[in-house]
Amino acid sequence: MDNTLTLLGLLGTRPSHGYDLKHSYDRYFGAQKPLAFGQVYATLARLIKNGLILTLGEESGAGPDRKRYEVTEAGRSRLVEWMFTPDIPAATLQSNLFAKTVIALLLGDDAERLLDVQRAEHMSRMRELTAAKRGATLMNVLMCDHALFHIEADLRWIDLTAARLNELREQVRAA
Amino acid sequence: MSTAIATTTVPTPHTAVLLSARGLRVTFGHTEALRGVDLDINTGEVIAVMGPSGSGKSTLLHALAGVIVPDAGTVSYGSTPAETVEICALDETARARLRLTDFGFVFQFGQLLPDLSAIDNVSIPLLLGGMRRKDALRQARTWLGRLGLAEQANQRPTELSGGQAQRVAIARALVTGPRVLFADEPTGSLDSLAAENVMVLLTDVARETGTTVLIITHDARTASYADREIIVRDGRVTAGFALSASVAGS
Amino acid sequence: MSLALTRLVAAGTRGARLRLVGIAAGVGIGVTLFLLLWGAFNGLQDREERSSWTALAVAGDPVAVGSTPAPTRDTVLVSSPTERFDGTVITRLDIAATSDSTVTVPGISRPPAAGTYYASPALAELIDSVPANQLGERFGTRIGLISDTALASPDSLVVVTGQPAARMTGAVMTFAISDFPTLSFGGRATYQTLAVVGGIAILLPVLLLVGIVTDLGAAERRERFATLRLLGATPGVVARIAMGETALTSLTGALLGVLLAWLVRPLAALLPINEGTFFVADLAVPPVAVIAAVTLTVLATSLTAGYRTYRAGVGPLGVTRQQRERRPRVVALVPLTVGFLGMLGVTVCTLADIQVPLFSTLLIGGFILTAVGLVLAGPYLTYRVSRVAARRARGAAGVIALARITATPRATFRAVSGLLIALFVVTVFTAAVTSVDASVDASVGPGSPGGGEENALPAGTLLAGLDSTAATDFDESRALLTATEGVRGVALAYSLTNWEGVILSGSDAATLGLLPSGAAGYVSIDNSYINVRSAGEAPPRVTEAPTVNPDDLEPWVMLILTDGTVAAQERARTTAETGQITLMGAPASVAENQGGSVATLMRGFTTMAHLGVLIATLISTVSLAVSTTASILDRRRSLGLLRLMGMPVPTLRRIILGEAALPFLTVVGGSILLGVGVAWSLITTLTYGKRVLSWPEPSAYIVLGVSLLLALTAVLATFRTARAHTAVSVTRFE
Ligand SMILES: Nc1ncnc2c1ncn2[C@@H]1O[C@H](COP(=O)(O)OP(=O)(O)O)[C@@H](O)[C@H]1O
Ligand SMILES: [Mg+2]
């Protein structure tokens, strides 16, 4: 998740202070990992530098807290670009696990157990998410579901790989 | 097992072993469906059984529930030594009685009698147990209400949606107050949302009543409603969570 | 529609192939029975035509009593006195012809010379099997056999004897004819009506069986058709496949049926119907009719199959709506009501002496409507009863069975409808054959066993009607008869103008046990002494008749007292017939005199009735077993899962029993009552009120009991299948 662009988007709803911005962010997206203030201000500074936002008049006193920020035209077009450009499906996890599996096979180690361990890990994460859905708001439920579906997709890959492990072993050995 | 309903009210969650299998082997002709399964299920646990198709999940469920008698191995049922019975040693009539009084079953589809209304379907296990029709219907109505089906009481299974039908099936499985609920892919023919609703209701009711649940599924999200999962592969059981815990510890 | 596709769908699995075999077998049996029945119906007509030559009344007016015209070159004198042997009637023709007669007698060509006779093969065999003085001597010397072309049945007992012209006195109706009648005299509406009714009674269960069998495995097939729909077949294509499949199967079945009918003809010909067994050729059905039957069968079954499949609305995802039957409506009662009331109407009109045109057609129509109406009304009644019962059901088995019946009253009723029709038919026939003459009380009367009756004719007495126009010396006959082995005495009864009753000499009265021996003079006794007595009529009174002048007495009846054995009676008959006296037909007991053609009316059909009952019951039993099994197979998953849940096997059995018993019990009483009503209507109308029903013989109850037992067996036989098909393994495709 791109924090910079997410903050830009939140700011697009209406001009706000950095403080409000952080709380909006946490309310919508920060259930698991709230943003640090420092990160918010660093991000805002970078956005100003890139000309995507600008500061409105200072109200009272100095310090970042007193500033209100607003999205510029350039900022808006950047947002549109971000929103309507599809993401490249994330492949980090698979590639890492794939690498581990291949190494295990190369080393003659128990690749099946490696996958089982990963599956158990995934399952316990899914259990947590499912438990978190209990009594949660719809917004949170949907976010948990989003995560659940992703983990489930990984699990499917794990199942498939487990089922084709022998085949894979032969190919790896042959290569 | 006339003590079934009484004992479930005793809060002994996650401590006593309720169902215990040792060395289960089941062979169909040349197919070895189960090749030595050891398994302990605690009172009040919700367990997911996962694994590829044909790996022996249903066979395991049938052996645990006394539907079939394994070729080798034992299944003991009961939380105290005094009330423990050796399921495999019982004859068919006794096992049928045990299934009727102590176990509940939910399947993927086609378990409701098409000619009967939802409420009649739910009342059948009670009638089989010898309850008077009036009382059986009253109890069935309560359970339908509990599963959010009060309005569908007089509809026939064909008039229900898939999710509603599965909820009726759950009501039917729970109406006798079983100690163990066996579910064989209960969400297998439902869409995600309906499956979700069914699982929420099932696990909620099971936890409220302290019912032990064994759910076969190959849907990970369905399995994530369970306390732990076991994986059946080629007729053998490999524990899921327990294994990961041991790895984490080492 | 490709043939390969049809084959794939129709005969893909063992179950599917079994189903096809079942359909073919059902259709085959149906066609066989139909052809045999049709053959029998034709056969009845054929033999009526062949035997028409013995019905002399068609030939013209009899010659005057007392006159004895001589036969000429081209006319013969013929009479047909009643001849009897051991309770059976023999068709006897006495012919007086000149030696150069040009008249041809059917079956033998030239008339026999006086003192000789021709007999039918069956009669010849009978004559040879008993001593000559019991039968053979009555006819003279046998010079040949009557050929089959002139006989109704291989069992026909016919004799043509040559007589001197002098014996043809005209007392027994004598005809002077040059040609024997060739046209049947057509007064046989009664027989034909009964034959048609019997045929329909047998055919109806067959049709029901075909209906059940073609609907076999419907649930499994709907799934296969759903697959085809998913692959892109339109409903029309699917219906056409179903049609093609059924057409091929029923064509095979029908052809096998034709073959089977042809093969079992010799066997079927052995069944005695009405006048006896058949000549095998009589049962032949013209080829055109065979082709028509096969074509109609194939058309009817395949169109039905196509229509059913089309209406089932098989979608790509299977039958989405469950196959809920349309609720039966009250209209279903109309055919039954119309049919039965129609029959009663005809009967009432007949009793009230109102001429009903085409009454036999109306009766047949009424019978068909009643029988079919029973099948149509059943589902409605079943539905109503099951609705009420479903609310009161207590146990699980009751709830499940009644819900099933309420949801599918037609299918559940169809399972037992064959049985009910069989029962209905049994009742009609058993009730009909009990019919007795309304004017007779069988328990009292002359010669009735028990004999405690005051002034009763001794048992074993034969009455020989005398031809008063022939002056005869009775003493010689008396002496001959008295000397016959087994004859205990002979008495001569006289009639007297203006005198009520029979006059007997005192000594004859003593012989008969009416007066102490040694009495003199004459006595008179009521006519009822030698007649059948009406119920409640007082026993005959004996009075002295001192004023009688012996010269005024006319010999009327010779009473021959025998020891009651068949041999003695037959010897007495032979002696009487061959003696000097001229008789009005063979001497007979009162009972034999009474039991004319009306009494044997239904008896002739007893075999047909028994056969019908047997076939109907067997077929219905098969139908019941088939449809019970089918109804279990259709629900095997849900019932199997219930068993898995712990439903005990006895509950499953109770479900099966309940589903068969309720529709059966709902309609069984009605069927039996209707059967009795229909029998009453048939008998009363056909005999113009002369006969009434009485209680059936014990054998009827046995037949009834056996039928029910068979039905129960059919249901019990399905238990095993039901158990096997609801075992855990059938539910494992999770
Ligand atoms: N009644 C049976 N007869 C023959 N083979 C069976 C029977 N039941 C199960 N099997 C076989 O046993 C194996 C395990 O089946 P099952 O337990 O149903 O698998 P799962 O439920 O995991 O898909 C499969 O190979 C299946 O074909
Ligand atoms: Mg399974």
Side-chain angles (χ1 to χ4, degrees), chain B residues 28 33 53 57-59 61-62 65-68 92-117 120-121 123-134 136-137 156-159 169 172-173 176 178 182 184-186 188-189 216, chain C residues 219 223 317-325 386 389-409 411-412 631-632 634-652 654-655 658-659 723 726-734:
Chain B
F28 297 108
S53 296
K57 303 183 295 293
S58 298
T59 308
L61 181 145
H62 290 160
V67 174
I68 57 172
E92 166 56 32
T93 318
R95 280 185 283 122
R97 273 201 65 75
L98 182 72
R99 297 202 296 269
L100 195 58
T101 54
D102 283 38
F103 300 158
F105 295 89
V106 180
F107 302 95
Q108 185 174 346
F109 65 94
Q111 56 211 306
L112 300 179
L113 286 164
D115 312 316
L116 295 179
S117 62
D120 277 334
N121 260 298
S123 73
I124 288 292
L126 295 175
L127 295 178
L128 284 172
M131 188 182 278
R132 285 182 34 212
R133 180 119 186 255
K134 228 178 87 198
L137 285 177
R156 271 163 234 281
T158 41
E159 296 158 359
R172 187 174 80 173
T176 51
F182 293 98
D184 197 340
E185 305 195 11
S189 40
I216 293 180
Chain C
E223 277 164 36
L317 301 175
V319 184
T320 38
R321 302 166 275 116
Q322 192 210 346
Q323 283 287 286
R324 295 218 64 187
E325 291 183 3
S386 70
R391 265 178 255 129
R392 311 194 168 182
R394 299 252 185 79
V399 171
I400 294 172
L402 287 168
R404 172 75 175 182
I405 298 171
T406 313
T408 58
T412 30
S631 106
I632 293 296
D634 280 0
R635 282 176 295 168
R636 67 172 152 215
R637 188 178 160 84
S638 33
L639 288 178
L641 291 177
L642 271 182
R643 269 192 68 195
L644 198 155
M645 275 172 40
M647 178 178 77
V649 178
T651 307
L652 180 69
R654 279 203 294 278
I655 294 174
E659 284 173 11
R723 187 179 182 152
T726 52
V728 183
S729 53
V730 305
T731 60
R732 77 187 176 91
F733 299 105
E734 291 282 76

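Here is the naming used below: chain letters follow the sequence lines, and residue numbers restart at 1 for every chain. Values reported hereafter were calculated over all heavy atoms of this structure, with side chains retained and with hydrogens, waters and symmetry mates removed.
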**Student:** Output yes when a side-chain donor or acceptor of B:R99 lies under 3.5 Å from a complementary backbone atom of C:R643, and no otherwise.
**Tutor:**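 Looks like yes, one N/O pair under 3.5 Å.
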
**Student:** How long is the straight-line distance from CE of C:M645 back to CZ of B:F107, given to the nearest 0.5 Å?
**Tutor:**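 It is 8.0 Å, given to the nearest 0.5 Å.
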
**Student:** Please name all residues satisfying side chain to side chain donor-acceptor pair (under 3.5 Å) with B:T59, sequence neighbours left out, ordered by chain then number.
**Tutor:**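 Testing B:T59 for side chain to side chain donor-acceptor pair (under 3.5 Å), a comparison that skips the adjacent residues, returns none.
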
**Student:** What are the two closest heavy atoms between B:D115 and C:A407, and how far apart are they?
**Tutor:**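 Shortest heavy-atom contact: OD1-CB, 3.8 Å.
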
**Student:** Non-hydrogen atoms of chain B under 4.5 Å away: do they reach the side chain of C:A390, the backbone, both or neither?
**Tutor:**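 The backbone, not the side chain.
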
**Student:** Could you tell me which portion of B:R172 (side chain, backbone, both or neither) has an atom closer than 4.5 angstrom to a non-hydrogen atom of chain C?
**Tutor:**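 Only the side chain of B:R172 comes within 4.5 Å of chain C.
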
**Student:** Please give me the minimum heavy-atom distance between B:L128 and C:P648, naming the atom from each residue.
**Tutor:**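 Scanning both residues, the minimum pair turns out to be CD2-CD, 4.1 Å.
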
**Student:** Which one wins on heavy-atom pair count under 4.5 Å against chain B: C:L639, C:L642, C:T651?
**Tutor:**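 The answer is C:L642.
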
**Student:** Measuring only between side-chain heavy atoms, which start at C-beta, is C:L644 closer than 4.5 Å to B:F105?
**Tutor:**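 Yes, at least one pair of side-chain atoms sits under 4.5 Å.
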
**Student:** Working note: C:R404 + B:L113, criterion side-chain contact (heavy atoms from CB on, under 4.5 Å); need CA distance, chi angles, decisive distance, verdict.
**Tutor:** CA-CA 9 Å; C:R404 172 75 175 182; B:L113 286 164; over 6 Å; no

**Student:** If you compare all heavy atoms of B:F109 against all heavy atoms of C:R637, which two are closest, and at what distance to 0.1 Å?
**Tutor:**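 Taking B:F109 first and C:R637 second, the nearest heavy atoms are O-NH2, 2.7 Å.
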
**Student:** Tell me every residue that passes side chain to side chain donor-acceptor pair (under 3.5 Å) with C:R654, counting only those two or more places apart in sequence or in another chain.
**Tutor:**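 Per chain and number, C:R654 pairs via side chain to side chain donor-acceptor pair (under 3.5 Å) with no residue.
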
**Student:** Using side-chain contact (heavy atoms from CB on, under 4.5 Å), reason through B:R133 and C:V399 one step at a time and then give a plain yes or no.
**Tutor:** CA-CA 9 Å; B:R133 180 119 186 255; C:V399 171; 3.5 Å; yes

**Student:** Taking all heavy atoms of C:S638 and all of B:Q111, pick out the closest pair and write down the distance.
**Tutor:**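 Answer, listing the atom of C:S638 first, then B:Q111: CB-O, 4.1 Å.
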
**Student:** With a 4.5 angstrom heavy-atom cut-off, is it the side chain or the backbone of C:R635 that approaches chain B, or both, or neither?
**Tutor:**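 Side chain of C:R635 only, per the 4.5 Å heavy-atom cut-off to chain B.
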
**Student:** Which atoms of B:I124 are under 4.5 Å from chain C, going by heavy atoms: the side chain, the backbone, both sets, or neither?
**Tutor:**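 Backbone plus side chain of B:I124, per the 4.5 Å heavy-atom cut-off to chain C.
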
**Student:** Measuring heavy-atom distances to chain B, does C:I400 have an atom under 4.5 Å in its side chain, in its backbone, in both, or in neither?
**Tutor:**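 Both backbone and side chain.
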
